[in-house]
Amino acid sequence: MKAIVIKKDSSLSWEDVPDVRPGKDEVLIKVYYAAVNRADLMQREGTYPPPPGCPEWPGLEVSGEIVAFGQGAMRKSGLHIGDKVCALLGGGGYAEYVAVHCGLVMPVPENCTMAEAAAIPEAFATGYLNLFMEGGLKAGNVVLVQAGASGLASVLIPMAKAFGAFVITTIIDEQKRSVVAKTGADLIVNTCEEDIVQVLRSFDEKGRPVNIAIDCLGGANMGDCLPYMGYMSKWIMIATLAGDLTQIDMRKLYVRNVRIVGSTLRSKPLQTKIKILNNLVKKLWGKVSSGAVRPAIYKILPITEAEAAHSLLYRGQSAGKVVLQVREGNV
């Protein structure tokens, strides 16, 4: 089979690799689409290696068709040959076939294209983990989602809105405001023109402080934001694209009982991931089918143009998810 291989010079190449076969509790999926995530870029740069046992090629989420089962996997999963599915992976999605634990495979929601389905597992699982399991989201909460034009934010914002939150999000490119507005965000802050710290202070002074912040940026002003978070609020760090270091006024942190939470989906134990995906199907698939929560697809490129797909993320040009098409004729 073929897969995207990361070469020694960090370039990407679509070339032959050994065939994958399903293990005891795994299913084999013929891949139609694979979605691109920033974790793929980090893996390419050598800073985010795949977990032990995963293929060396990148890719955390795919859609496709089940073509084989490992021993006992069909009975455990309730799935069948030919089922159209999407799956969460530890790695290896940029390929013609993937083998994945049956508990990490989900049916494609009704009224959802296969390209959209590929953009669901990682982003939706990350959203559910951080909004509900880490953040404890409740109706009426004020939620801050950094980097509103990102693929993850395109899921986080409508997911939070669907469960009754008021959502503030940030952008750095005014041209993306109209696209981000489609997510349903209540307030979009261009941080090149407005100070997000002052925005949070204003909300705090009005008695509506942020309850949950989901931050993929970090950087110097993260610490400046913390004094204006609500009592028992949580600032959830999932990446530090704007910088690893900040200064924190620890007195204000403990007075308000603010929690700083570091969170990554990829490192979670298998059973935790299975629990998250089960909850997605039970609690969110209806909202996906109705269109209330849907991944925003920015662009679909052929798998052989993975370099161009990565460049869109590197240059910050995407507003939503970038998806790679592995096979022609699948929508």
Side-chain angles (χ1 to χ4, degrees), residues 35 37-39 60-61 63 86-88 104 106-113 115-171 176 179-188 210-217 233-239 261 263-266 268 272-273 275-298 318-323:
N37 291 278
R38 287 201 174 272
L60 301 181
E61 52 189 344
S63 66
C86 53
L88 177 68
L104 301 179
M106 301 175 288
V108 173
E110 294 181 8
N111 305 319
C112 192
T113 69
E116 289 174 324
I120 286 177
E122 171 72 14
F124 275 62
T126 299
Y128 187 88
L129 165 66
N130 292 302
L131 282 174
F132 296 96
M133 297 176 69
E134 301 286 11
L137 179 70
K138 298 177 182 177
N141 280 172
V142 177
V143 176
L144 170 66
V145 177
Q146 295 276 45
S150 68
L152 178 58
S154 73
V155 170
L156 276 166
I157 296 169
M159 188 181 293
K161 290 295 298 176
F163 287 88
F166 180 97
V167 179
I168 304 168
T169 194
T170 61
I171 58 173
K176 293 182 179 178
V179 175
V180 175
K182 295 177 182 178
T183 65
D186 297 282
L187 177 63
I188 302 171
V210 170
N211 305 105
I212 304 167
I214 300 182
D215 187 7
C216 64
L217 300 177
S233 61
K234 294 182 179 179
W235 190 287
I236 302 170
M237 293 300 313
I238 61 174
V261 180
S263 176
T264 60
L265 176 66
R266 197 176 196 180
K268 291 289 186 290
T272 299
K273 293 179 182 178
K275 179 181 178 181
I276 292 170
L277 298 197
N278 285 339
N279 283 331
L280 289 182
V281 175
K282 291 176 183 177
K283 300 179 180 181
L284 275 165
W285 256 217
K287 294 184 184 295
V288 175
S289 297
S290 70
V293 184
R294 209 63 167 261
I297 304 297
Y298 175 73
S318 59
K321 296 284 283 188
V322 178
V323 176

Nearest non-hydrogen partners of [X] and [Y], listed with the distance:
X    : Y    : value
V179 : A319 : CG1-CB, 3.6 Å
T169 : A185 : CG2-CB, 3.8 Å
P109 : I120 : CG-CD1, 4.0 Å
T183 : S154 : CG2-CA, 4.1 Å
A153 : P158 : O-CD, 3.9 Å
A119 : P295 : CB-CB, 3.9 Å

Inset, instruction - Test the K287-F163 pair against the cation-pi criterion, namely NZ or CZ under 6.0 angstrom from the six-membered ring centroid and within 45° of the ring axis. - result: yes
Legend entry - Audit row: S263, N130, side-chain hydrogen bond (donor to acceptor under 3.5 Å, both in side chains) steps and yes/no: CA-CA 8 Å; S263 176; N130 292 302; 2.7 Å; yes
Report yes if some heavy atom in the side chain of [X] is under 4.5 Å from a heavy atom in the side chain of [Y]; otherwise report no.
X    : Y    : value
V145 : V167 : yes
I238 : I214 : yes
F124 : L277 : no
I212 : E134 : no
L144 : W235 : yes
V323 : E116 : no
Y128 : L284 : yes
M237 : V261 : no

Just by modelled atom types, is the [Y] backbone N or O under 3.5 Å from a matching donor or acceptor in the [X] side chain?
X    : Y    : value
N141 : L137 : no
S289 : G286 : no
T170 : A147 : yes
K268 : L129 : no
W285 : E110 : no
T126 : E122 : yes
K321 : Y298 : no
N211 : V142 : yes

Looking at [atom1] of [X] and [atom2] of [Y], how far apart are the two atoms once the value is rounded to the nearest 0.5 Å?
X    : Y    : atom1 : atom2 : value
K161 : L156 : NZ    : CG    : 14.0 Å
L131 : I236 : CG    : CD1   : 7.5 Å
L88  : E61  : CG    : CD    : 7.5 Å
L217 : S150 : CG    : OG    : 8.5 Å
F132 : K138 : CZ    : NZ    : 12.5 Å
T272 : M133 : OG1   : CE    : 6.0 Å

Legend entry - side chain to side chain contact (heavy atoms under 4.5 Å, CB included) between I188 and I171, intermediate numbers included: CA-CA 7 Å; I188 302 171; I171 58 173; 3.8 Å; yes
